[in-house]
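First comes the structure, then the notes that go with it.
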Amino acid sequence: MIIKEIKAKQILTKSGIPSADYVINSYVGCQHSCVWCYARFMKRFTNHSEEWGSFVDVKINAPEVLEKELKKTKPKNIFLSSVTDCYQPIEQKYQITRQILEILSGYDIPVSILTESILVLRDIDILKKFKDIEVGFTLVFDDDKINRLFQPYSSLPSQRIDALKKLKAAGVKNYVHLGSIMPKITDMESIFQKLSDNIDSIMAETLNVKGENWIGVFRALKEHFSELVKEYQYIFFKKDNFGEQKATLNKLRNI
């Protein structure tokens, strides 16, 4: 893993997400290495030649920049994070997200967090200071072994479900982002049963196979669920979708 410390010129970024007008990404890149990560498109803008999932840039001046921006900008709501995980392992050392939350807790701004890491529990003391905050966990599987095949460095599903319970017990609003849903592998019924009364809301998202995303999914399927490869190609690339993804499919010949 290549770790670099950088200085950012901007922390608050205008968002196209319906539920947030601004997003904050504490890091560039992500250590979790999820096979379907849509954020890999960021390499077009970050000048990284390394493979996505092999590098992280730490915005060491993020708290300082945020304080200056909040004096000029008045967000209606903020989302952490859209193209990284604000609680990936490197956060344990740098605590950029914790510092950001400390600053935001002094403002009357609704905040939403989405992560795959139970490190968020470290900051319950700050989360409880907010008037309006929610913490969400991404869940695709409820089976820890299967999860490791697709999300090798994230917290296990069993850990995330337990963390949801702890957040709710602490009075912190929580939610689940169910996705990217993997047909024939994601057991939604089992996930719902395990979540039971421990969440406030849930949202779902289908698998995004655009561009480079499909290559990571294909590799994992070929190695661990080879019997599903043809079915996935039919589901996601039939008719018009196939034409759109022709260039990506050609790359698979070299895998």
(message) Salt bridge or not between Asp123 and Arg98? Use side-chain N to carboxylate O under 4.0 Å.
(response) yes
(request) Look at the side chain of Ser190 and the backbone N and O of Asp187, then say whether any donor-acceptor pair between them is shorter than 3.5 Å. (result) no
(request) Inspect the contact between Lys68 and Glu64 and indicate whether a charged nitrogen and a carboxylate oxygen are less than 4.0 angstrom apart. (result) yes
(message) Under a plain distance cut-off of 3.5 Å, with no hydrogens placed, do Asn25 and Thr84 share a side-chain donor-acceptor pair?
(response) no
(request) State the CH2-CH2 distance between Trp36 and Trp214, to the nearest 0.5 angstrom. (result) 13.0 Å
(request) May I ask you to test the Leu221-Val35 pair for a side-chain heavy-atom distance under 4.5 Å? (result) no
(request) May I ask you to check whether Ser112 and Glu134 show a side-chain donor-acceptor distance below 3.5 Å? (result) yes
(message) When you compare the side chain of Ser117 with that of His32, does any pair of heavy atoms fall below 4.5 Å?
(response) yes
(request) Using modelled atom types only, decide if a donor and an acceptor are shared between the side chain of Thr97 and the backbone of Cys86 within a distance under 3.5 Å. (result) yes
(message) I'd like to know if Lys74 pairs up with Asp21 as an ion pair, taking the criterion as any Lys NZ or Arg NE/NH1/NH2 lying under 4.0 Å from an Asp or Glu carboxylate oxygen.
(response) no
(message) Do Asn77 and Ser19 have side chains that approach each other closer than 4.5 Å (heavy atoms only, starting at C-beta)?
(response) no
(message) Could you check whether Glu102 pairs with Lys129 (Lys NZ or Arg NE/NH1/NH2 to Asp/Glu carboxylate O, under 4.0 Å)?
(response) yes
(request) Verify the neighbour count for atom CD of Glu227: are there more than 12 heavy atoms of other residues, nucleotides or ligands below 6.0 Å? (result) yes
(request) Output the rest of the hydrophobic cluster of Phe45: all Ile, Leu, Val, Met, Phe, Trp and Tyr residues reachable through side-chain heavy-atom contacts under 4.5 Å, sorted by chain and number. (result) Ile2, Ile6, Val28, Tyr38, Phe41, Met42, Trp52, Phe55, Val83
(message) Could you check whether any side-chain heavy atom of Ile185 comes within less than 4.5 Å of a side-chain heavy atom of Phe225, counting everything from C-beta outward?
(response) yes
(request) To the nearest 0.5 Å, tell me how far Leu12 CG sits from Leu70 CG. (result) 5.5 Å
(request) Determine the minimum heavy-atom distance between Leu164 and Asn174, stating which atoms define it. (result) O-ND2, 2.9 Å
(request) Please determine if Asp162 and Lys166 form a salt bridge, counting it only when a charged side-chain N lies under 4.0 Å from a carboxylate O. (result) yes
(message) Are the side chains of Ile235 and Leu207 in contact, using a 4.5 Å heavy-atom criterion?
(response) no
